[in-house]
Amino acid sequence: MSHDACPGALPIWLVDDDPDVRESLSQWLEISELAVRTFARGQAALEALQAGDACGVLVSDVKMPGLDGLALLRALQALDDPPPVILITGHGDVPMAVEAMQAGAWDFVEKPFAPERLEECVRRGLERRRLALENRRLREALREGSLATRLLGQAPGMVRLRQQLANLATTRANVLVQGETGSGKEVVARCLHEAGAASGPFVALNCGAIASELIESELFGHEKGAFTGASARRIGILEHASGGTLFLDEVESLPLAAQVKLLRALQEGEITRLGSNALLHVDLRVVAATKEDLLALAAEGRFREDLYYRLAIAELGIPPLRERREDIPLLFQHFCRQAAEVHQRPPREPDGELLGALGRHPWPGNLRELRNMATRFILGLELPWHARGAPEEGSLAAQLAAFETALLRESLGRHGGNIQAVLEELELPRRTLNQKMQKHGLRREAFLAGAGDPPAS
């Protein structure tokens with residue numbers, strides 16, 4: 001594989017079983033300041049693309065053992081976003097060239113050819129690829145709306161969560177959100193509501209905070225005199241949330257009798273206030289949240305299995321903080337900025353010792369606990385015992401990875417995403433920095449000067 005001639009640019013992929021051809025073409029393109037990656041087999045290039053590796057333009061010889069150029073071209077068309085493909089064909093092989101263009105090739109080059117001819121084709125293909133990726137990025141940004149500013153973090157679990165949210169936001173499907181205490185389940189529910197097209201309100205109910213004898217009145221409402229103490233008509237939250245989103249937190253706490261009535265209401269789209277016989281139509285999306293395994297509770301007879309399937313048309317899982325430790329420095333600094341604004345205190349920057357201790361803590365309270373720690377830090381209060389000098393946890397490799405991620409984040413943030421400045425400060429080769437950023441899920445765009453605060457959880 002060739003060294004990148006222009007790191008950061010989309011590389012040109014050269015696929016040819018002849019090592020001399022690979023060497024000569026890659027040298028020419030690199031002299032032209034184009035990044036190059038070479039493959040001896042078509043199957044290897046296909047697998048790399050299927051794995052999501054970045055490719056600007058793919059240049060392939062047609063006649064190769066194994067997966068030849070035409071077969072590779074056809075296989076690439078099945079990908080969601082294939083790169084432009086330039087095929088190198090034999091001299092005068094017009095039928096093959098026509099077949100290649102019909103199969104979706106961007107262009108073809110006949111042997112023998114001047115290197116300038118290939119460079120011209122590659123540059124035109126690169127421009128097309130750049131425009132296609134930019135249009136895709138803009139479409140995704142429009143679809144995600146405020147998700148990137150509400151759900152902070154570049155850990156793989158958080159990236160996947162934002163993608164799932166963007167996909168579900170414009171639907172009306174009920175969603176079950178699973179996550180530990182303090183992980184941000186209501187934030188996820190609000191993101192689903194705000195990024196969607198619902199015109200009605202967002203209505204939240206913590207099922208575990210309502211006495212069991214009052215829960216049905218909360219859900220369905222009641223008429224005056226329906227029971228002792230019902231001195232006036234009350235609109236229930238299902239009726240109030242009609243046209244919008246109902247968020248049921250700690251849904252596992254619902255009494256079984258209320259579960260039966262809720263299931264019927266969701267199936268029929270109708271409710272009846274307590275003390276009334278009149279049917280009221282409701283149209284709402286339910287986002288339920290739990291920290292329990294509802295199917296396990298159903299097996300124990302503590303939750304209705306049919307209600308679970310009605311609520312869990314789609315399921316979203318929020319990773320606990322201990323499973324995305326690489327996000328902790330950025331989250332802590334974000335919460336520090338918020339606390340400084342709320343309490344009108346000057347901002348403070350955590351030192352490496354504190355960040356290291358934060359990265360080792362198990363965080364049973366997740367984001368809520370981290371926010372509390374940031375507020376204490378900004379107010380100058382003594383931090384709990386585990387904030388400093390916390391015992392080492394996890395393997396040496398895990399601790400080193402967390403520390404390396406924190407250093408890279410700090411440097412990228414300090415220099416506003418200026419890669420050259422980061423290279424000089426950390427004394428790293430460019431290729432090494434690229435590999436480490438990819439390893440830790442760090443994107444330069446998230447740190448660009450003027451890009452605003454990173455997305456918040």
Side-chain angles (χ1 to χ4, degrees), residues 146-155 157-158 161-162 177-191 202 204-209 247 249-250 252-253 287 289-292 316-394 398-399 402-403 405-406 409-410 413 452-457:
S146 64
L147 295 182
T149 62
R150 298 289 299 278
L151 294 167
L152 178 67
Q154 291 301 319
M158 291 305 295
L161 177 60
R162 288 197 295 270
V177 182
Q178 294 181 303
E180 296 180 1
T181 298
S183 59
K185 295 187 287 293
E186 183 167 348
V187 173
V188 168
R190 287 187 180 275
C191 285
F202 177 89
L205 175 70
N206 187 320
C207 302
F247 174 58
D249 198 8
E250 297 186 32
E252 72 277 3
S253 301
V287 180
T290 182
K291 59 181 181 293
E292 305 287 348
L316 296 175
I318 307 177
L321 201 50
R322 65 181 176 276
E323 291 181 6
R324 54 180 186 121
R325 295 182 186 274
E326 62 266 43
D327 289 338
I328 289 175
L330 190 58
L331 286 164
F332 185 74
Q333 291 167 334
H334 174 75
F335 290 146
C336 283
R337 287 195 298 271
Q338 287 186 333
E341 291 177 7
V342 169
H343 298 284
Q344 297 183 330
R345 293 294 182 89
R348 293 181 64 192
E349 289 294 326
D351 58 26
E353 179 188 356
L354 175 57
L355 289 176
L358 295 174
R360 295 189 296 271
H361 181 59
W363 299 108
N366 290 292
L367 297 178
R368 191 174 297 138
E369 184 182 0
L370 183 63
R371 186 190 295 272
N372 174 275
M373 193 79 74
T375 302
R376 286 172 174 261
F377 177 70
I378 288 298
L379 294 178
L381 301 176
E382 183 177 351
L383 299 183
W385 66 268
H386 51 248
R388 288 191 180 273
E392 297 287 332
E393 289 187 357
Q399 294 172 46
F403 183 64
T405 303
R409 281 190 184 281
E410 290 173 19
D453 285 346
S457 251

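Count residues from 1 along the sequence. Keep in mind that what you see is a predicted model, and the values were worked out from it rather than measured.
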Quiz item: Hey, does the side chain of Lys185 reach the backbone of Gly179 with a donor-acceptor pair shorter than 3.5 angstrom?
Solution: yes
Quiz item: Shortest non-hydrogen contact from Leu321 to Asn366?
Solution: N-OD1, 2.9 Å
Quiz item: From Leu367 CG over to Ile328 CD1, what is the distance, rounded to the nearest 0.5 angstrom?
Solution: 9.5 Å
Practice problem: Enter the distance from Arg345:CZ to Cys336:SG here, rounded to the nearest 0.5 Å. | Solution: 13.0 Å
Quiz item: Going from CG on Leu330 to OG1 on Thr405, what distance comes out if it is rounded to the nearest 0.5 angstrom?
Solution: 11.5 Å
Quiz item: So, does Arg371 use its side chain to make a donor-acceptor pair with the main chain of Gln338 at under 3.5 Å?
Solution: no
Quiz item: How close do Leu161 and Gly317 get, heavy atom to heavy atom, and via which atoms?
Solution: CD1-O, 4.1 Å
Quiz prompt | Distance-only side-chain donor-acceptor flag, Arg368 / Asn372, under 3.5 Å | solution = no
Quiz prompt | Side-chain donor or acceptor of Arg325 paired with backbone N/O of Leu358 under 3.5 Å | solution = no
Quiz prompt | Residue pair Arg324 / Gly153: nearest heavy atoms and the distance that separates them | solution = NH1-CA, 4.4 Å
Quiz item: In terms of ring plane angle, is the pair Phe377 and Phe332 parallel, tilted or perpendicular, where the classes change at 30° and 60°?
Solution: tilted
Quiz item: Thinking salt bridges, do Arg337 and Glu341 make one under a 4.0 Å N-O criterion?
Solution: no
Self-check item: Met158 to Leu152 - nearest heavy-atom pair and separation
Solution: CE-O, 3.9 Å
Practice problem: To the nearest 0.5 angstrom, please state how far the CZ atom of Arg322 sits from the CD atom of Glu180. | Solution: 4.0 Å
Quiz item: Minimum heavy-atom separation for Asp327 to Gln154, with atom names?
Solution: OD1-N, 3.0 Å
Exercise. Measure the NZ-CD1 distance between Lys291 and Ile318 for me, rounded to the nearest 0.5 Å.
Key: 13.0 Å
Exercise. From the options Glu410, Met373, Gln333, select the one residue that forms a side chain to side chain contact (heavy atoms under 4.5 Å, CB included) with Pro350.
Key: Gln333
Quiz item: How many angstroms lie between atom CD of Glu369 and atom CH2 of Trp363, to the nearest 0.5 angstrom?
Solution: 5.0 Å
Self-check item: Minimum heavy-atom distance between Ala339 and Ala374, given as atom pair plus value
Solution: CB-O, 4.5 Å
